[in-house]
Amino acid sequence: PVGKPQPPVVEPEAVANVVGEWPERSTQPPVGSVGDKPLAGLRVIDLSWVLAGPFATRLLGDLGADVIKVQTEGRATLVNQPDYPYYAVWNRSKRSATIDLKQPGALDAIRSLIEQADVLVENYSSGVLDRLGLGWETVHAWNPSLVYVSMSGPGHQGPWKDVISYAPTIHALCGLTHLTNPEGGGEMGCGFSLNDHAAGFASAFSILAALEVVNAGGEGQLIDMAQLEIGTYILGPAMVDYFANGREAQPGGNADGLADRVPNNVYRAADGEFVAITANDDAMWGRLATLVGSDAGLDVAARRSRRSELDQAVATWVGARDADGAVTEAQDQAVAAGKVQNSPALFADQQHKDRGFWREGEHPVFGPRPFDRFPAIFSDSMLEPYGYSPAYLGEANFEVWTETAGVDPEVVAEGIGSGLFT
């Protein structure tokens, strides 16, 4: 645990001296120090919090955008403060600036910042930024080319627009919770914020699409990204099956809810580990059947009618081997199989090691620690170095408010003391 920040010793100090020392406090490695990153030159104002919005802007930051995370200390609690590991994960590749939007002069300062930006992202409940004077109509008038992304739970229209929601709420509303259950169940959810991640990816993609419009000579636009709709979008095939065939999707554990491939299950190995095996088609089943000593000539309809028998045959075969051995034998016969890995196994996975997915770094708050790189390798672009998450709120206050927003350094220093830039 990191102790609560303590106030500095009160000693007289000239503002010029403080400003002069500030650049020495910046976190290394610097954000955007490699000029050939794909999104170098793009500036993003990140007004989001928790996970969905911060993940979207982290993706952009990892790709080279200058992401300025704007917060106020009063709301920077738990997962939204720099000494919390959650914050360190979702807010890397960003610069931290602070401002209290309820203070006099705050709108003038942040307007100057927004006028220099290409994108603004927020994921507050419907109406919050309108009440703070940063609604779409106002901001669009300030900067007509700005892409403005609003990522509320149910969106800004309809009877649920004021509903307070987090990922588990959205999972329940859109049907993900219902379908991620053993057969006959209904109370178990995904166990992690799947929809927040999906919304982050969708928002990053939508931002790049809207920027294409701007680059072609059009204006910026409002993207009203309803996280409830993202979850429903993920369930598209289940809804198509209902519309076309009248079949209502039901929780089925590991059973394939669409193609109903058989077998398609997870089996316990002799060492207590688990192995996932799928026979995607008749030919793959034939190869798996040869391994497990079953009838290789069964088509998918016959396999469905004998589901329990075939599951037992595969379970017996896997149960006589350790998990790694079962996976190797199956893969050697071109059968889809994989070990069910926990976090330590995933970190030790040779595939990730060979591709350099896990990197090593010295975080200014948490010390030496591994981190994951962007999940793709660009042939002609270096994405590293990534910027660590800010070590403390307002770490980049002077450079953001003076160099980008054009605020006088003495005004920034006074604002930090008066509560404006906090």
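Proximity of a side-chain donor or acceptor of T72 to a complementary backbone N or O of R75 within less than 3.5 Å is not detected. H352 places no side-chain N or O within donor-acceptor distance of the main-chain N or O of A348, the cut-off being under 3.5 Å. Under a 3.5 Å cut-off, the side chain of S294 and the backbone N or O of T290 do not form any donor-acceptor pair. The closest donor-acceptor contact from the side chain of W285 to the backbone of D295 lies under 3.5 Å. Checking side-chain atoms of K37 against main-chain N and O of L63 turns up no donor-acceptor pair under 3.5 Å. Of the possible donor and acceptor atoms, none in the side chain of R43 sits under 3.5 Å from a partner among the backbone N and O of I114. With hydrogens and angles ignored, the 3.5 Å screen pairs a side-chain donor or acceptor of H171 with a backbone N or O of N195. The backbone N or O of L420 sits nowhere less than 3.5 Å from a side-chain atom of D100 that would complete a donor-acceptor pair.
For the 3.5 Å distance criterion, the side chains of Q116 and S112 fail to qualify, holding no donor opposite an acceptor. Remark: the S145 side chain and the N143 side chain contain an N/O donor-acceptor pair separated by less than 3.5 Å. Between the side chains of N397 and T98, at least one donor-acceptor pair of N or O atoms lies under 3.5 Å. Between the side chains of Q221 and H140, no donor N or O sits under 3.5 Å from an acceptor N or O. Looking at N265 and N254, their side chains do bring a donor and an acceptor atom within 3.5 Å of each other. Using modelled atom types and a 3.5 Å distance limit, the side chains of T278 and N264 yield a donor-acceptor pair.
Y267 is not listed as a side-chain neighbour of V340, based on a closest heavy-atom distance of 4.5 Å or more. Residues E360 and P370 are in side-chain contact: their nearest non-hydrogen atoms beyond the backbone lie under 4.5 Å apart. Within the 4.5 Å cutoff, the side chain of N280 has heavy atoms near those of the R261 side chain. Residues M151 and V121 form a side-chain contact, since some pair of their non-hydrogen atoms from C-beta on lies under 4.5 Å apart. A 4.5 Å side-chain heavy-atom check between I45 and V119 finds every atom pair outside the cut-off. For the pair W136 and D224, the minimum side-chain heavy-atom distance is 4.5 Å or more. Side-chain contact check for L47 versus L134: some heavy-atom pair is nearer than 4.5 Å. Looking at D354 and Q350, their side chains come closer than 4.5 Å, going by heavy atoms from C-beta outward.
Taking each heavy atom of D196 and A167 in turn, the nearest pair found is OD2-CB, 3.6 Å. Across every non-hydrogen atom of S93 and V67, the tightest pair is O-CB, 3.9 Å. The heavy-atom pair separating R95 from P390 by the smallest distance is C-CG, 4.4 Å. Considering every non-hydrogen atom in both F371 and Y388, the closest pair reads CE2-CE2, 4.4 Å. Listed here is the closest heavy atom pair of P237 and I234: CD-O, 3.8 Å. When all heavy atoms are compared, the tightest approach of V400 to A97 is CG1-CB, 3.9 Å.
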Are E122 and S150 close enough, and set up right, to give a side chain to side chain donor-acceptor pair (under 3.5 Å), and what steps lead you there?
CA-CA 5 Å; E122 64 93 7; S150 181; 2.6 Å; yes
As a quick check of understanding, evaluate side-chain contact (heavy atoms from CB on, under 4.5 Å) for L383 and D62, giving each step before the final call.
CA-CA 7 Å; L383 301 187; D62 282 354; 5.6 Å; no
As a quick check of understanding, evaluate side-chain contact (heavy atoms from CB on, under 4.5 Å) for L310 and L298, giving each step before the final call.
CA-CA 10 Å; L310 301 185; L298 299 177; 4.1 Å; yes
Before giving the answer on side-chain contact (heavy atoms from CB on, under 4.5 Å), spell out for V70 and I99 the whole-Å C-alpha distance, their side-chain angles and the decisive distance to 0.1 Å.
CA-CA 7 Å; V70 180; I99 190 170; 3.5 Å; yes
Go through the steps to decide whether D36 and S381 satisfy the test side chain to side chain donor-acceptor pair (under 3.5 Å), and finish with yes or no.
CA-CA 6 Å; D36 67 345; S381 299; 5.2 Å; no
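Below 30°, between 30° and 60°, or above 60°: for W49 and Y124 the angle between ring planes is below 30°, a parallel geometry.
We find that E329 and R321 are joined by a salt bridge, their nearest charged nitrogen and carboxylate oxygen being less than 4.0 Å apart. Taking the charged nitrogens against the carboxylate oxygens, D311 and R306 have no contact shorter than 4.0 Å, which rules out a salt bridge. A salt bridge links R247 to D241: at least one charged side-chain nitrogen sits closer than 4.0 Å to a carboxylate oxygen. A salt bridge does not link D349 to K353: none of the charged side-chain nitrogens sits closer than 4.0 Å to a carboxylate oxygen. Classification of D46 and K94 as a salt-bridged pair holds, one side-chain N sitting under 4.0 Å from a carboxylate O. Under 4.0 Å is where a charged nitrogen must lie from a carboxylate oxygen, and between K339 and D271 no such pair does.
The aromatic ring centres of F55 and F201 sit less than 6.0 Å apart.
Across R355, R92, R359, a single residue satisfies salt bridge (Lys or Arg N to Asp or Glu O under 4.0 Å) together with D372, and that is R92. R303 pairs with exactly one of D281, D256, D282 by the salt bridge (Lys or Arg N to Asp or Glu O under 4.0 Å) rule, that one being D282.
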